[in-house]
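Below: the structure, in structure tokens.
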Amino acid sequence: MGAIGIFDSGVGGLTVARAIMEELPGRRVIYLGDTARVPYGPKSPRTIRRFSKENGDFLADHGIDALVVACNTASALAIEELHSRYPFPVLGVLEPGVREGLRAAKGGPLGVIGTVGTIKSAAYRLAAARLDSAAVVECRACPLFVPLAEEGMVDHLATELIARDYLEPLTTAGIRALVLGCTHYPLLAPIIQRVVGADVTLVDSADAVARELVARLPDAQAGSEATVPPSPNRFFVTDIATRFSEVGARFLGSELPAVELADLVE
Ligand code: DGL
């Protein structure tokens, strides 16, 4: 039984890794945070596709039998190419998030926040229209949220002021639910919730992705009976970012084992 490969531009995807580790405690996880090249949000689709293929190839070389793209930007811009590149299932975070979001919005306006790359791609709007042609979707890019989360400024007045500025058009539009369309954003959820108000349901796609993974893995049942992985989980980064372990522990909800350096071009 192979491992589950997961990648993101940095620590954000650890929120997804955590959900997967909870759902499938018997499966080994191999995580790659592309800390040398974070953030992905402002970069061009061509560059994101190249980074995503390099990340996917690195994980594929580690004997994985599913790849989870725990990054909305890469899910929005590179998922098709990754699907055709590997023989194993490749899952993005976008579709599960939209599905949950539409359910939570109950026919009312749905808000989506994400990086500039994700929002510009219109991938969320298109995915929502495919599921419900009458869906009203209000999108907003929140580029400063990623560095704020990477810096661990999750309960800081500056973050709250920025959140007010970003989210005001969405609250004015009367959104009923808000998809956190970037895997870094769940860490800012308490501030975001405060700003949009308790009536708006926040949707984090991590749990939905973990459930979809169980459905897609032919031998998931065998994995879900075990309570520990057959060998230790591994966490790689492309640059030893000083704060990765410290901030990463917050995203993962537990201490990170020793973080290893990945050489993608080796
Ligand atoms: N966490 C990623 C996402 O879900 C990327 C953030 C970034 O690197 O800009 O979009």
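In each ligand, atom 1 is the first atom listed, and ligand 1 is the first ligand listed. Quick caveat: nothing in here was measured; it's all calculated off a predicted structure.
Ion pairing between E22 and R18 holds under the 4.0 Å rule for side-chain N and carboxylate O. Residues R27 and D65 are paired through a salt bridge, judged by an N-O separation under 4.0 Å between the basic side chain and the carboxylate.
Under the ring pair (Phe, Tyr, Trp, His ring centres under 6.0 Å) criterion, no residue pair touches residues 112-136, with sequence neighbours excluded.
Checking D8 against Y40 by side-chain atom types alone, no donor-acceptor pair falls below 3.5 Å. Using modelled atom types, one finds a donor on one side chain and an acceptor on the other under 3.5 Å when comparing T115 with T73. In this structure, a donor-acceptor pair under 3.5 Å is absent between the side chains of T118 and S121.
With a 4.0 Å heavy-atom cut-off, ligand 1 is reached by the side chain of S9 but not by its N, CA, C or O. Contacts of T115 with ligand 1, taken as heavy-atom pairs under 4.0 Å, involve the side chain alone. By the criterion of a heavy-atom distance under 4.0 Å, neither the backbone nor the side chain of V93 is placed next to ligand 1.
The shell of residues lying under 4.0 angstrom from ligand 1, judged by heavy atoms, includes C71.
For atom 10 (O) of ligand 1, the nearest non-hydrogen atom of the protein is T73 OG1, 2.7 Å. Of the protein's non-hydrogen atoms, the one nearest atom 9 (O) of ligand 1 is G41 N, 2.8 Å. Nearest non-hydrogen protein atom to atom 7 (C) of ligand 1 is Y40 N, 3.3 Å.
Residue-to-ligand polar distances place H184 within reach of ligand 1: an N/O pair is separated by less than 3.5 Å. At least one N or O atom of N72, backbone or side chain, sits closer than 3.5 Å to an N or O atom of ligand 1.
Relative ring orientation between F251 and H184 is described as perpendicular, the plane-to-plane angle rising above 60° on a 0-90° scale split at 30° and 60°.
Between F235 and F244, a ring centre-to-centre spacing not shorter than 6.0 Å is recorded.
Interface atoms of ligand 1 facing D8, defined by a heavy-atom separation under 4.0 Å, are 1 (N), 2 (C), 5 (C). Below 4.0 Å from some heavy atom of C182 lie the following atoms of ligand 1, by number and element: 1 (N), 2 (C), 3 (C), 4 (O), 6 (C), 10 (O). Residue contact check: V38 has heavy atoms under 4.0 Å from atoms 8 (O) of ligand 1.
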